[in-house]
Colleague: 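The following block contains the structure, expressed as structure tokens.
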Amino acid sequence: GAGVSQSPSNKVTEKGKDVELRCDPISGHTALYWYRQSLGQGLEFLIYFQGNSAPDKSGLPSDRFSAERTGGSVSTLTIQRTQQEDSAVYLCASSYSGHSTDTQYFGPGTRLTVL
Amino acid sequence: AQRVTQPEKLLSVFKGAPVELKCNYSYSGSPELFWYVQYSRQRLQLLLRHISRESIKGFTADLNKGETSFHLKKPFAQEEDSAMYYCAVRAALIFGKGTTLSVSS
């Protein structure tokens, strides 16, 4: 079946602009995660959605970052007033139930470059 | 605070040599631990998790609660094992910074 998909695959933007990154999880997966992968920092947890519960936003680095998950499926990560330090690969993952032992399935990522 | 430490950024070994990628964690409660792998130009994917006690592609990892470690081991490295390896803990995964494994012949 189809895996997690993300769009766009690459995004180049100018400092100060807003960007939206999209994630389509695997159908039927109730849990969705966003991570940021940057050189020297490894993988950084950003936000976690589980069903209809309030999202865990504890990893968002600043209030310029926000995310939504509509209808329990597609999610959008928005970065406002982008800064050069936001340049990274943004990864989305989904899992069946969000249980701590669940396997997370990752998308290919969106490479964001802020000039 | 929850934390995962992978002390080696890069580990270079020769084909056929044993490999051990180190992972130490700090976590309150019973940890769920995972190793994820990212091969060149591929997606990040699960390699193995401690609860399954499995061997995948010849790799094993044992949870040592006393030493708070979950080191990944393989007795004989292959060139196709070259990749970035991440140790992670818990549901919303807390990842280490990753170790690049390079296996040369």
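None of the values given here were measured: they were computed from a predicted structure. Quick note on labels: first sequence line is chain A, next is B, and so on, each numbered from 1.
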Colleague: Anything in residues 11-18 of chain A with a heavy-atom distance to chain B below 4.5 Å? Please list those residues in order.
Modeller: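 Interface residues of residues 11-18 of chain A: none, nothing closer than 4.5 Å to chain B.
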Colleague: If hydrophobic clusters are built by linking Ile, Leu, Val, Met, Phe, Trp and Tyr wherever their side-chain heavy atoms come under 4.5 Å apart, do A:Y33 and A:L77 end up in the same one?
Modeller: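 No, separate clusters.
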Colleague: Report yes or no: does A:Y35 contribute a side-chain atom to a donor-acceptor pair with the main-chain N or O of B:F95 at less than 3.5 Å?
Modeller: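 No; zero donor-acceptor contacts below 3.5 Å.
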Colleague: Examine distances only and state if a side-chain atom of B:R43 and a backbone atom of A:V4 form a donor-acceptor pair shorter than 3.5 Å.
Modeller: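 A pair under 3.5 Å: yes.
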Colleague: Has B:F76 got more than 12 heavy atoms of other residues, nucleotides or ligands less than 6.0 Å from its CZ?
Modeller: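 Counting other residues, nucleotides and ligands, CZ of B:F76 stays at 12 neighbours or fewer.
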Colleague: Same cluster or not: A:V89 versus B:Y36, using hydrophobic residues (I, L, V, M, F, W, Y) connected whenever any side-chain heavy atoms lie under 4.5 Å apart?
Modeller: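 Yes, same cluster.
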Colleague: Around atom CD of B:Q42, are there more than 12 heavy atoms from other residues, nucleotides or ligands closer than 6.0 Å?
Modeller: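 Result for CD/B:Q42: enclosed.
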Colleague: Hey, quick one: are A:L46 and A:Y48 part of the same hydrophobic cluster, counting side-chain heavy atoms closer than 4.5 Å, chains of contacts allowed?
Modeller: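 In one cluster: no.
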Colleague: Can you say whether A:Q50 sits under 4.5 Å from chain B via the side chain, the backbone, both, or neither, judging by heavy atoms?
Modeller: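 For A:Q50, no heavy atom lies under 4.5 Å from chain B.
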Colleague: Would you say the side chain of A:Q104 lies within less than 4.5 Å of the side chain of B:L46, judging by non-hydrogen atoms?
Modeller: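 No, every pair of side-chain atoms sits at 4.5 Å or beyond.
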Colleague: Do any of residues 10-18 of chain B come closer than 4.5 Å to chain A, heavy atom to heavy atom, and if so which ones, in number order?
Modeller: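 Checking residues 10-18 of chain B against chain A gives no residue, so none.
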Colleague: Quick one: what part of B:I51 sits under 4.5 Å from any heavy atom of chain A, side chain, backbone, both or neither?
Modeller: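 Only the side chain of B:I51 comes within 4.5 Å of chain A.
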Colleague: Checking B:Q2 against A:F45 for the side-chain contact (heavy atoms from CB on, under 4.5 Å) test, could you report, in this order, the C-alpha distance in whole Å, the side-chain angles of both residues, the deciding distance, and whether it holds?
Modeller: CA-CA 12 Å; B:Q2 299 173 33; A:F45 163 72; over 6 Å; no
Colleague: Can you tell me how far CG of A:L91 sits from CD of B:Q38, rounded to the nearest 0.5 angstrom?
Modeller: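 It is 7.0 Å, given to the nearest 0.5 Å.
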Colleague: Does B:L21 share a hydrophobic cluster with B:I56, counting links as ILVMFWY side-chain heavy atoms below 4.5 Å and allowing steps through other members?
Modeller: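 Linked, B:L21 and B:I56 end up in one cluster.
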Colleague: Consider only side-chain heavy atoms of I, L, V, M, F, W and Y, link residues closer than 4.5 Å, and tell whether A:Y90 and B:M84 are in one cluster.
Modeller: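 Looking at the clustering, B:M84 is in a separate group from A:Y90.
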Colleague: Are more than 12 heavy atoms from other residues, nucleotides or ligands located less than 6.0 Å from atom CZ of A:R64?
Modeller: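 Yes, enclosed.
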Colleague: Side-chain contact test, heavy atoms from C-beta onward, threshold under 4.5 Å: evaluate it for B:I94 versus A:L43 and give yes or no.
Modeller: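 They are not in contact (no side-chain heavy atoms under 4.5 Å apart), so the answer is no.
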